[in-house]
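Quick note: numbers below take in every heavy atom, side chains included, and nothing from hydrogens, waters or symmetry partners. Remember, it's a predicted structure, so these values are computed and weren't measured experimentally. Note that ligands are numbered from 1 as they come in the structure, with each ligand's atoms numbered from 1 the same way.
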Amino acid sequence: MGLTLTEKILSAHLVEGEMIKGSEIGIRIDQTLTQDATGTMAYLEFEAMGVPRVKTERSVAYIDHNTLQSGFENADDHRFIGSVCKKHGIYFSRPGNGICHQVHLERFGIPGKTLIGSDSHTPTGGGIGMIAIGAGGMDVAVAMGGGTYYITCPKVVKVNLTGKLQPWVAAKDVILEVLKRLSVKGGVGKVIEYCGEGVKTLSVPERATITNMGAELGATTSIFPSDETTRGFLKAQGREQDYTPLCADADAVYDEIVEIDLSSLEPLAACPHSPDNVKSIKELEGQKIDQVCIGSCTNSSLLDMLKVAHILKGKTVHPDVSLSIAPGSKQVLNILANNGALAAMIDAGARILESACGPCIGMGQSPNSKGISLRTFNRNFEGRSGTKDGQIYLVSPETAAVSALTGVFTDPRSLGAAADITLPDTFTINDNMIVPPVAAEDMGSVEVLRGPNIKPFPVSEPLAETIDAKCSLKVGDNITTDHIMPAGAKILPLRSNIPKVSEYCFAVCDEKFHDRALEMGKSIIIGGSNYGQGSSREHAALAPLYLGVKAVIVKSFARIHMANLINAGIVPMTFADEADYDRIDQLDELKIENVGKQISEGNIVKVTNVTKNFDFDVKVDLSERQKEMLYAGGLLNYTKQNS
Ligand code: MIC
Ligand code: SF4
C-alpha cells in the first residue's frame, strides 16, 4: 500500500510510537520558529531548561507582532529575544525584516523537513512541502533543546485539485471554499494534503496562502507536494540546493477525499465573525465598505502585492475608504520599491505599513464603530480588530484592491482580462536583517538583556488529590484564544508579564471574570465545542493557570490549546454526554475526587455537581505521557523530574 506525503515525512522523523491514526507519536523536529508575542515566554522556558545551545538544524526568532512601540515593553522584549538568540544559537530576524511565515518560506523552509513554530500559521511552510505545525511556546522550547514533539498521528485528507483558476479568482478563494465545506473544526486531527493536476497551476505563494489558512480548519497542518514549481521558487531565492522532489505514492490511501475543480470557483468572502461563514462576493456586491487592509502572513507575498499594485495603478482609493497595505517582508517591499509597484500604491492613496502583522493582530488600523472592513487576513473573530463591533470580511487581495477603489464590495472579475503577472526568476536577496548567533565558544561573552517587563511565568503545582472548585465561567461553542486571552496594541506588550496580562483574560466574554476567578482562588471553566480554536498563544493557558483554573470541561477542544493546557498542568476534560453541559451553571460547585487515580485507571472520570446534587462523567482522553505531565503539574515540572 502506498503512502501519502504526510505519512512519508512523518515516518522519516518518527522517534516514538507507531504510525497508527489517533495514537500519540513523537517526531524529531528539524527547524523551529518563534515570533515576539509568543517568543519571550518560549525563550524564558528554553532558558529554564538549561540547554546551552539549540540542537535543531535551524531555529529562527522573528520580530513581527509587537511592532507598535508606545512604551518600553515591546522594545525591551525585542532586545531580550535578540540577546537570547545570539547566545544560544538562534538566528534573529530583526524588526522590519517581515512576518515570520513569509520570511521563513523565502529564506529558510526546506521541503521534507519538519518545522514547529510558536504561531498557529506555521503551516505556511506546507506550501513548499514541509510538515510545518503550530505549537505552544513550551513545545517549541523543548524542540529547540532537542526534545521530541508529540502529536496525535493524523488522518490524511486528500484535496484533489483539478482545472485552473479563472482570471481574478485567487488562492484565497480556494481555501475559503475548503473552509465553507469543512468548517472551522473540520480539520481537527487531520492533515490536509493537496494533490491532483490542479497543483501545478498554483505558484508557491499561492500554495502557501492555502496551507497558511488551513489553520482555520483546526487541522494539524496542510501540505503541497514539492515539484518543479517549488524548485523554481527556491532557485529564485538562491536556494536550489534545498530542493527535493516529494509527492504521495500513486496508490496512497486517504481517509477522506475532497474534490475541487479550480475552474468552477468564484471570488468569496468569510463574513463576520468566523472564517467559515463564507458567501460569494456576488451575494455581497454593492454593499458599502469603510476600510480595506491588505497584508498578513496569508496574503502579503510579492505575487499578491504585484496584483494589488496593478489594480491600483493610476486610480485613487474611494474617498470613503481607508486602504492600508503591509508587504510581508523586507524582500517583498524592496522589490516593490525598485520596480515602481510601491509608487503605484502610494499614488493611489494607500497607507503603507511596515512589513509586520500590524492590523491582523489589532496593532493599529482598528476600523470605525460598526465599520465594514475587507481584509486579506485569515481571522475575523469578534473584537480581534480592536473595534468590538467592527465587521470584518476576509477576502482575496484582488477583491480587496478593487473594492478599495469602488467603495463597495466588488467582484474583481469586473476587471476583465487577466493581468500578466509572474514571479521574477530571481528575488532580491539580502539577509542583512537576519543576525546569526555567536559561535558556541563565544556564548559566555553575550549578556542576556532583561527589561522590567519580563516577569517569571506562573508555577504550576502537581495535580491535587481532589479538585473541589466553583465554575468561574460558562461559555458557548467556538470560543477562540482571542476570547480567552485577547491581543491588540494595548494588551500584547504585557505578554511577558502574566499577572498583568491576565487582567484581560476572557474580558471579551465577561469583564468580571478576572476578579471572580482570583477571588475564588481555584475554579473550573465550562465550555462548548471547539474550545480554544485559533492562535497558539500559551498565554490562553498561562493566564487561567495564574488565576487558579484547575480544569476546563468542554464538549471538544482545539488541538494546540488542549496541548497548552496540559503543558500548564490544567486538566482538559470533555463531557461524556454533551447534554450535561446544559445542567451546569456558572458558580455551581463541582467536585472531582481522586482525580489522579481516576485518570490513571481509565479515561472516564466522575464529577459531582455539589450545588445541583448530581454526578456526571467526563472523558480525559490522554496518552500516558500527557497523564504523567498532569500529575507533575505541567511540562516544565515533568521535564525537570525526568531529566
Ligand atoms: C494570531 O494570528 O492569532 C497570532 C497572534 O499570530 C497567534 C500567536 C499569538 O497569539 O501570539 C497565533 O496565530 O498563534
Ligand atoms: Fe501575524 Fe496575523 Fe499571521 Fe498571526 S495571522 S502571524 S498576527 S499576520
Side-chain angles (χ1 to χ4, degrees), residues 33-42 61-68 74 77 81 93 95 98-105 116-125 132-137 139-140 175 208-209 211-216 218 221 275 293-301 304 324-329 353-365 375-386 392 394 480-489 491-496 501 504 532-543 558-561 563-564:
L33 71 78
T34 59
Q35 39 90 337
D36 47 337
T38 52
T40 25
M41 211 40 83
Y62 295 90
I63 304 295
D64 53 2
H65 279 64
N66 293 349
T67 50
L68 272 190
N74 292 341
D77 287 0
I81 295 175
S93 172
I99 306 176
C100 53
H101 309 303
Q102 175 65 26
V103 179
H104 206 85
L105 193 74
I116 66 168
S118 61
D119 192 281
S120 64
H121 290 103
T122 303
T124 314
I133 307 178
D139 286 320
V140 176
I175 187 62
T209 293
T211 59
N212 169 288
M213 216 176 155
E216 275 52 68
T221 189
C293 300
I294 298 177
S296 95
C297 56
T298 321
N299 276 121
S300 60
S301 67
D304 289 329
S324 70
I325 303 181
S329 68
L353 305 179
E354 122 176 73
S355 295
C357 301
C360 179
I361 192 56
M363 277 283 175
Q365 304 293 324
R375 299 177 163 211
T376 64
F377 307 167
N378 46 38
R379 288 186 174 145
N380 58 349
F381 303 145
E382 200 173 356
R384 181 174 160 104
S385 66
I392 313 299
L394 307 174
T480 71
T481 49
D482 279 292
H483 291 107
I484 306 173
M485 200 56 262
I491 308 174
L492 274 171
L494 308 172
R495 282 280 180 97
S496 327
V501 84
Y504 300 91
Q533 68 162 323
S535 146
S536 68
R537 61 191 73 150
E538 59 189 333
H539 304 76
L542 295 178
R559 178 185 66 86
I560 310 179
H561 184 61
N564 284 340

Would you compute the distance between atom OG1 of Thr298 and atom CZ of Arg375 and round it to the nearest 0.5 angstrom? 12.5 Å
Which atoms of ligand 1 sit under 4.0 Å from any heavy atom of Thr38? 9 (C), 11 (O)
Is a salt bridge present between Arg537 and Asp482, judged by a nitrogen-to-oxygen distance below 4.0 Å? yes
Around atom 1 (Fe) of ligand 2, find the nearest protein heavy atom and jot down its residue, atom name and distance. Cys357 SG, 2.3 Å
Element-labelled atoms of ligand 1 that are located less than 4.0 Å from some non-hydrogen atom of Ser536: 12 (C), 14 (O)
Would you name the heavy atoms of Ala42 and Gly137 that are closest together and state the gap between them? CB-O, 3.7 Å
Side-chain contact, heavy-atom cut-off 4.5 Å: Leu353 with Pro359? yes
Any donor-acceptor N or O pair under 3.5 Å, side chains Ser385, Arg379: no
Atoms of ligand 2 less than 4.0 Å from Ile361 heavy atoms? 7 (S)
For ligand 2, which atoms, with element, lie under 4.0 Å from some heavy atom of Asn378? 5 (S)
Go through ligand 1 atom by atom and flag the ones less than 4.0 Å from a non-hydrogen atom of Ala37. 11 (O)
Looking only at heavy atoms, is any part of Asp119 under 4.0 Å from ligand 2, and if so is it the side chain, the backbone, or both, or is it neither? side chain
For ligand 1 and Arg379, I'd like to know whether there is a polar contact (N/O to N/O, distance under 3.5 Å). yes
min-distance protein heavy atom vs atom 8 (C) of ligand 1 -> Gln35 NE2, 3.1 Å
With heavy-atom distances below 4.0 Å as the criterion, list the atoms of ligand 1 near Ser535. 3 (O), 7 (C), 8 (C), 9 (C), 10 (O), 12 (C), 13 (O), 14 (O)
What residue and atom, counting heavy atoms only, is the protein's closest point to atom 13 (O) of ligand 1, and at what distance? Ser120 OG, 2.5 Å
Nearest to atom 2 (O) of ligand 1 by heavy atom, Arg384, Arg537, Glu538: which? Arg384
Atom 3 (Fe) of ligand 2 to nearest N/O/S of Cys297 less than 2.8 Å: yes
For ligand 1, note which part of His539 has a heavy atom under 4.0 Å away: side chain, backbone, both or neither. neither
We want to know whether Asp36 and Asn74 form a side-chain donor-acceptor pair, criterion being a heavy-atom distance below 3.5 angstrom. no
Ligand 1 atoms in contact with Arg495 (distance to a heavy atom under 4.0 Å): 9 (C), 10 (O), 11 (O)
Please state which protein non-hydrogen atom is closest to atom 2 (Fe) of ligand 2 and give its distance, to 0.1 Å? Cys360 SG, 2.3 Å
Closer than 4.0 Å to some heavy atom of Ile361 - which atoms of ligand 1 meet that? 5 (C)
Return yes if a side-chain donor-acceptor contact under 3.5 Å exists between Asp119 and Thr122, otherwise no. no
Measuring only between side-chain heavy atoms, which start at C-beta, is Arg384 closer than 4.5 Å to Ile361? yes
Cys297 versus Asn378: any side-chain heavy-atom pair under 4.5 Å? yes
Scan Ser93, Ser329, Pro95, Cys100 and name whichever one has a side-chain contact (heavy atoms from CB on, under 4.5 Å) with Asp64. Cys100
Which residue and heavy atom of the protein sit nearest atom 4 (Fe) of ligand 2, plus the separation: His65 NE2, 3.8 Å
Check each atom of ligand 1 against the heavy atoms of His65 and keep those under 4.0 Å away; list them by number with element. 4 (C), 5 (C), 6 (O)
Please say which of Gln35, His101, Glu216 ends up in a side-chain hydrogen bond (donor to acceptor under 3.5 Å, both in side chains) with His121. Glu216
Contact summary for Leu394 and Phe377, nearest pair of heavy atoms: CD2-O, 3.7 Å
What part of Asp119 sits under 4.0 Å from ligand 1 if we count only heavy atoms: the side chain, the backbone, both or neither? both
